[in-house]
Every structure is written in C-alpha cells, then in structure tokens.
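All ligand and atom numbering here is 1-based and tracks the order in the structure.
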Amino acid sequence: MQALVLDQSEGKTVAAVKTISADTLPQGEVTVDVDWSGINYKDALAITGKGKIIRQFPMVPGIDFAGRVHTSSDPRFHTGQQVLLTGWGVGENHWGGLAEQARVKGDWLVPMPEGMDGRQAMIIGTAGFTAMLCVMALEDGGVTPESGEILVTGASGGVGSTAVALLSALGYHVVAVSGRESTHDYLHQLGAHEVLPRSAFSAAARPLEKQRWAGAVDTVGDQVLASVLAQMNYSGVVAACGLAGGFALPTSVMPFILRNVRLQGVDSVMTPAPRRREAWKRLVKVLPTSFYQQATTEVPLSEAVSAAEKLLNNQITGRTLVRIR
Ligand code: NDP
C-alpha cells in the first residue's frame, strides 16, 4: 500500500510517499480502506517538521480520514461500512490517514452520518468539525443571531471558512477577519457581510475598546485574540481554538471582570463521542451544498507535501482535500 511516511534525518523531518506493507500498521480493532484525508494546520506542521507534532518516527501523518471498513474485530463495525475519524492523536502518535489503509481503535471511529459521503466528510475534516464545535460553544454561551455581530478570525483558512459558512447559514451576521485582500470575494460568497483586514487587530490592544461583537470564533490567538477580547460586547462569548498567529495571549482581566466576557476554549482531539456525533449531525444539516464546491482544493497523495508547505505559507484558502485512491 502507498503511504506518506515521515522519517528523521540529522534532526530534520523527511516526508516521502512510499510503498509499505499493511503488516506494519499499528494495532487496532478496525482496519479501514482510506478514500479521503486532508491537510490541516497540524498536518502541515507535522509534514514540514516546522512544529514538534511527531515524537516517534517513522510516522504516517494525517489527523483525519474517511473510508470503508476493511476488517473489524469490533462488533460495532462491519466490512464495507463508511466511517470517518478525526483526532485522538491519530497522525500524531498513531499512524494516520495519509495512507491507503489505517488501523485504529473502534472507539475513535464515527459511523458516516446519514446524508454525507466520505469526500464531503473530509472537505469538512478536523478543521470544519472544530468550526462546528466553536459554533456550539457560542450557542452554549447563549449567543443567538439576535445577539449581534459575530467575528471570525483567520477566516479564509479551513476552520475560519467553515465557521463563516456555518454561522451565515444559521442566520448570524458574520464579519470575517483576513490578512489577504485576495480572499474577500471568497469570504463574501461564503456568507460574510463584511471583511476586515488582519492589520486592524494586530496592534497592541487597550484593555477595553469600543464594544462591537456578540460572539467570536478565533483561530489565530496572540495579539488578534487580545484585540478581539477588548472589543467584545457585555456578556459576549469568544470560542478560541487556534494559534495560527501564535500561542501567546497578551491580554488583561478587564474584559472578563468588567464586561462579563466568556473565553471558551475549544479542543477537537479529545471531544467525547456523543458531542462528536451531535456536531457531525449538525454539519450535515447546516452546511449548504455550495460550501463543498467553494471551499475545496483537491490534491492526490503525491502532492500532500507541497500542499502542506503552501498551507503554512498562507497560500491556501479553505480546505485541502487529499484523494487517497
Ligand atoms: P489554515 O492554515 O487553513 O488557516 C489559518 C488561517 O489563519 C489562515 O488561512 C490565515 O487566514 C490566518 N493566518 C495564517 N497565518 C497567520 C498569522 N501569522 N497571523 C494571523 N493570522 C494568520 O489552518 P486551519 O484552519 O486548519 O487551523 C487554524 C488554527 O486552528 C490552527 O492554529 C490550528 O492548529 C487550529 N486548530 C485547532 C483545533 C483544535 O482542536 N483546537 C482543530 C483544528 C485546528 P487569513 O489569510 O484569512 O488571515
């Protein structure tokens, strides 16, 4: 079988598509014939070696995949069944989805939701699943379309694009933040009412600024998140899931203690199974069909490495889907 394999040579990560034996797959109850995977930010860090994601080599990257059950000793899954997987450390410390087969624990798999196919599932992927979790976090915090404007940062990336599309489909007034002029038309097509430049959020924020946002989905972190917090309405909610701009958070307690702002962290890796199923059901229901055409770049496995480099160079909009077979 063909697999993208990461090795280390003189302290550097080397990525190459290789033919490997299925016997070398790690232990697990379910072997899946992978049809689709994707390139997420974390995959890009792992494949290029620019982030310390992988600690054991050789490693097959790919933090998500969709495919069909090949064999299963877990009674919940049968041969031929369509399944998907995101998270659980797959593609980080357990061989992942950028290969023709993956062997994983049954507990990690989600049966393909009704009304969705494997290609659509991986256009959504970890990024889109995380966007749905962010939207659910805003809802949990009491944010409704009537509450006011919702800001999405890193808007033209995988998480951001899906968040814009979801929030717009749910009737929210969405304002997108993007560092690229070239993405503005795309973001309007996804449903953004307005697009603001990243530079408007890059300067050191005062502890409190003029209130504007009822909710925010932040994929960027650092100064951008600090600025967003300073501009939240009273009782506004920020769902913070990313660090595309950095992992620092140069803020103060002022938005929390004077404006009742809620900062809700969002993790997709260890999300418990019931919330996973709920999020995937909502994705099937809420995402418009047009999203799947608008937000996708499709590449074969042989181009996964160059796609990862492009993603880290901020040259990709939306999601990068990897066709495995
Ligand atoms: P992408 O690379 O697709 O998108 C990130 C976007 O952030 C870019 O498109 C760009 O948007 C913006 N951006 C890039 N570099 C910078 C920078 N230096 N400063 C400010 N903004 C920048 O990544 P994903 O959408 O896949 O992931 C986004 C973030 O979310 C990542 O940090 C990722 O690790 C995190 N993530 C977290 C998950 C979790 O479980 N918590 C799950 C999935 C992702 P634009 O050009 O429009 O400004």
Check your understanding: Between Arg276 (side chain) and Thr86 (backbone), is there a donor-acceptor pair under 3.5 Å?
Key ->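 Looks like yes, one N/O pair under 3.5 Å.
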Exercise for review: Evaluate the side-chain proximity of Ser182 to Thr317: yes if any heavy-atom separation is below 4.5 Å, no if none is.
Suggested key: no
Exercise for review: Please identify each residue that fulfils side chain to side chain donor-acceptor pair (under 3.5 Å) with Arg180, with sequence neighbours left out.
Suggested key: Ser156
**Study point:** Near ligand 1, at a heavy-atom separation below 4.0 Å: residues by chain and residue number
**Key:**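 Within 4.0 Å of ligand 1, the protein residues are Tyr41, Thr126, Thr130, Gly154, Ala155, Ser156, Gly157, Gly158, Val159, Ser178, Gly179, Arg180, Arg198, Thr219, Val220, Cys241, Gly242, Leu243, Ala244, Gly245, Val266, Asp267, Ser268, Leu311, Asn314.
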Exercise for review: Hey, could you give me each pair passing ring pair (Phe, Tyr, Trp, His ring centres under 6.0 Å) that has a residue in residues 304-325? Not counting sequence neighbours.
Suggested key: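 Listed once each, the pairs would be none.
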Review point. Do the ring planes of Trp213 and Phe201 sit parallel (below 30°), tilted (30 to 60°) or perpendicular (above 60°)?
Key: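 Judged by the thresholds at 30° and 60°, the geometry between Trp213 and Phe201 is tilted.
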Point to revise | Set of residues satisfying salt bridge (charged side-chain N to carboxylate O under 4.0 Å, His left out) with respect to Lys310, sequence neighbours excluded | key: none
